[in-house]
Colleague: 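First the structure, which I've put down as structure tokens, then a few questions once you've had a look.
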Amino acid sequence: MAEIMYWEAIRRAHDEEMARDPMVICMGEDIGVAGGTYKATKGLYEKYGPLRVIDTPISENGYTGLGIGASFLGVKPIIEIMSVNFAWLAMDQIFNSAAKVRYMSGGQLSAPVVIRAAGGAAHQLGAQHSARMEKVFMGVAGLRVVTPSNPKQAYGLLKSAVRSPDPVYINEHELMYNMKGEVPDEEYFHPLEGSEVTRPGTDVTLFGYNISVHWCLKAAEILAKQYNISAEVVDLYALAPLDREGIRKSVAKTHKAVIAEEDEAPCGVGSEVMAIINEECFWELDAPPVRVHSALVPQPYAHNLEKATIPDHEDVVKAVLKLFGKA
Amino acid sequence: MKLKDRKRVLREMVLARRFEERCYQAYIERKIGGFLHLYPGQEACCYGVMEAARPGFDYVITGYRDHVHAIKCGADPKAVMAELYGKETGCSKGRGGSMHIFDVAHRFMGGYALVGGPFPLAAGMAKAIQMKGGDEIAICFLGDSANNQGTFHETMNMAALWNLPVLFVCENNLYGIGTALHRSTAVVDQYKRVCAYGIESDVCDGQDIEVVLEHAHKAVEYVRSRQGPYFLELKTYRFRGHSMSDSRGYRTREEEEQWKQRDPINILRDRMIAEDKYTMAEFEALEKEIDHYIEHEVIKFAEESPDPKVEELTKYVLAD
Ligand SMILES: Cc1ncc(C[n+]2csc(CCOP(=O)(O)OP(=O)(O)O)c2C)c(N)n1
Ligand SMILES: [Mg+2]
């Protein structure tokens, strides 16, 4: 097992899948000659050429639709949207074409595209460059949504997404591309459904996904050391469909739940997980679940306001202490 | 241009240049965060067009490379710098940042970070002007690669269809981040792309402010006299990278050097010197004076201004 960076893991998955299947292509802004904003396609242009590694114009709805159309006839596009904020422009094609075509054609046609985007709040990028859009993607029928929290998942989820007969949206994070982690040397396919218990515990479950898994892990560490609370961390790497059984199992064990997300609360991952807890295991609860989330504001630019907006591990610790009546 | 105007606009362009270069330094010092898109090299575009228009009266909108456009419209450089520092005294109260400079009092209607976003907003302002019956025009400054967005085509059609008083200025600096225009765009001459919509268009050198001014006069007159929308393409070049993390591997140092020979500030300065109306010593004194102003007023103001109050985090989300 080698330690590689998140971006290297994504690059490796691209490379292996493109080498295996000549119908796999990738497309997006600045991904070819420039090698990709986050280097996820570095060197692929030189290796596979301009017909398979396509630098697109700044036409998000257009090139996403073009990729979807190509997938109708057996091409397997991996579409990179430079930043998830620009996916707003491609929503028409993602929702109205990719997600619905199988159903509305009565199963005759499908759009097995992979769409990857860098999401999340980075540092002071302001209102129009800090979107967290997973809650938008996960609410639509016909789309799979996954979100890797480490390089192994980033590699394995992309591999599985390319092989999937369904359209898959992969939500990455701008601050995680340089994160290091172990990735198996042999080929590895991460399941597109389910969840992972990243750290077992008995007193409370901390649900996270993507970057918030790391807040949960850090919080669990602090809770164990300073407060003698044993927290279980569950990684919801699949957001659509969400792992109802995994959520139920953990809450049935710990009887308390905190859900951490970087996005604003309304209609979010936290709301959905809470609803599932309510439906699946309400009577297992010792206390009402708590959500950790950002403030309900367009992302402010000023550093102090941004800091006050985005949660972190300390907010997770606080939420747990509140749940235990210690704060 | 009259000598008096030449001197004034030279001074303004030097201020724009030094302001941007100082931003670069402040970014390195981590005083400024986020994305920072600088304007050096393209000054004659904004100043040439706005000399022909009426700053503070005509409505102006642009993308993320917006500091200089705001200043030319009348924004106080101190308030722009304070915005970049994320301070409460910033022209967007520290909420916007570099890509979202606003000064509505001076009719600078903002910088927007999504490529192509301002096209329909500009046409919408022109629609409002048309309804109100004023003499203003709307001016939309955007880049070359923005013209590949759907909003470009949709807006051109509506602007022509409804005869809206809007001037589109395309600052063609040959690249959209790291992708050369000819690699992303089938028709490289941008002014040709609006012909399909029946929009009047023109193209000229964007480095020589007196050339820009001449073409812009025609464009502004056309729009102000309500003959319809207009599209003006200016051939220019950005001297620095797209944003701060840009190693510029997509273009050669020779190409950069060639364009630096056509520095818009030097072109105007050297013409005045050649005509014996200006001296290098005057220019050097000007630069010194402006650097002093930036350091002792602009930067000082930004440094000493207070941060926004965290208790006011949700102010401006909705009306009070
Ligand atoms: C909708 C959208 N897609 C992509 C981007 C990323 N992006 C920012 S600037 C830019 C290039 C724009 O080039 P151009 O219009 O020529 O303007 P320039 O920066 O050269 O002035 C790109 C792709 C964005 N901000 N918005
Ligand atoms: Mg450009």
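Because the structure is predicted, anything quoted here is derived from the model rather than measured. Per chain, numbering begins at 1; letters A, B, ... match sequence-line order.
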Colleague: Would you please go through residues 294-306 of chain A and name the residues with a non-hydrogen atom below 4.5 Å from one of chain B, in numerical order?
Modeller: A:Ala295, A:Leu296, A:Val297, A:Pro298, A:Gln299, A:Pro300, A:Tyr301, A:Ala302, A:Asn304, A:Leu305
Colleague: Measure the spacing between CG of B:Leu114 and CD1 of A:Ile58 and express it to the nearest 0.5 Å.
Modeller: 10.5 Å
Colleague: Among A:Asp30, A:Leu125, A:Asn61, A:Thr56, which residue has the highest count of heavy-atom pairs closer than 4.5 Å to chain B?
Modeller: A:Asp30
Colleague: How long is the gap from CE on B:Met99 to CD on A:Gln128, to the nearest 0.5 Å?
Modeller: 7.5 Å
Colleague: So which part of B:Ser145 gets closer than 4.5 Å to some heavy atom of chain A, the side chain, the backbone, both or neither?
Modeller: both
Colleague: When you look at CZ of B:Arg30, are more than 12 heavy atoms from neighbouring residues, nucleotides or ligands closer to it than 6.0 Å?
Modeller: no
Colleague: With chain A, which of B:Gly34, B:Gly150, B:Gly249 has the greatest number of heavy-atom pairs at distances under 4.5 Å?
Modeller: B:Gly34
Colleague: Within the distance-only criterion (no hydrogens, no angle test), does the side chain of A:Ser59 pair as donor or acceptor with the backbone N or O of B:Gln149 below 3.5 angstrom?
Modeller: no
Colleague: Quick one: are B:Thr179 and A:Glu29 in side-chain contact, heavy atoms under 4.5 Å?
Modeller: no
Colleague: Between B:Ile177, B:Leu181, B:Asn147, who has the most heavy-atom pairs with chain A when the cutoff is under 4.5 Å?
Modeller: B:Ile177
Colleague: Non-hydrogen contacts under 4.5 angstrom with chain B: give the residues of residues 86-99 of chain A involved, or none if there are none.
Modeller: A:Phe86, A:Leu89
Colleague: May I ask you to test the B:Val310-A:Lys307 pair for a side-chain heavy-atom distance under 4.5 Å?
Modeller: no
Colleague: What residues of residues 36-46 of chain A sit under 4.5 Å from chain B when you count only heavy atoms?
Modeller: A:Tyr45
Colleague: So which of B:Gly97, B:Ala180, B:Gly117 has the biggest tally of heavy-atom pairs under 4.5 Å with chain A?
Modeller: B:Gly97
Colleague: Counting heavy-atom pairs under 4.5 Å to chain A, which of B:Glu83, B:Glu312, B:Arg95 comes out on top?
Modeller: B:Arg95
Colleague: Check whether B:Tyr112 gets within reach of chain A through its side chain, its backbone, both or neither, counting any heavy atom under 4.5 Å.
Modeller: both
Colleague: Using the test side-chain hydrogen bond (donor to acceptor under 3.5 Å, both in side chains), find all partners of B:Asp246 that sit at least two apart in sequence or belong to another chain.
Modeller: B:Tyr250
Colleague: Counting only non-hydrogen atoms closer than 4.5 Å, does B:Lys87 touch chain A with its backbone (N, CA, C, O), its side chain (CB onward), both, or neither?
Modeller: neither
Colleague: Rounded to the nearest 0.5 Å, what separation is found between the OH atom of B:Tyr64 and the NE2 atom of A:His129?
Modeller: 9.0 Å
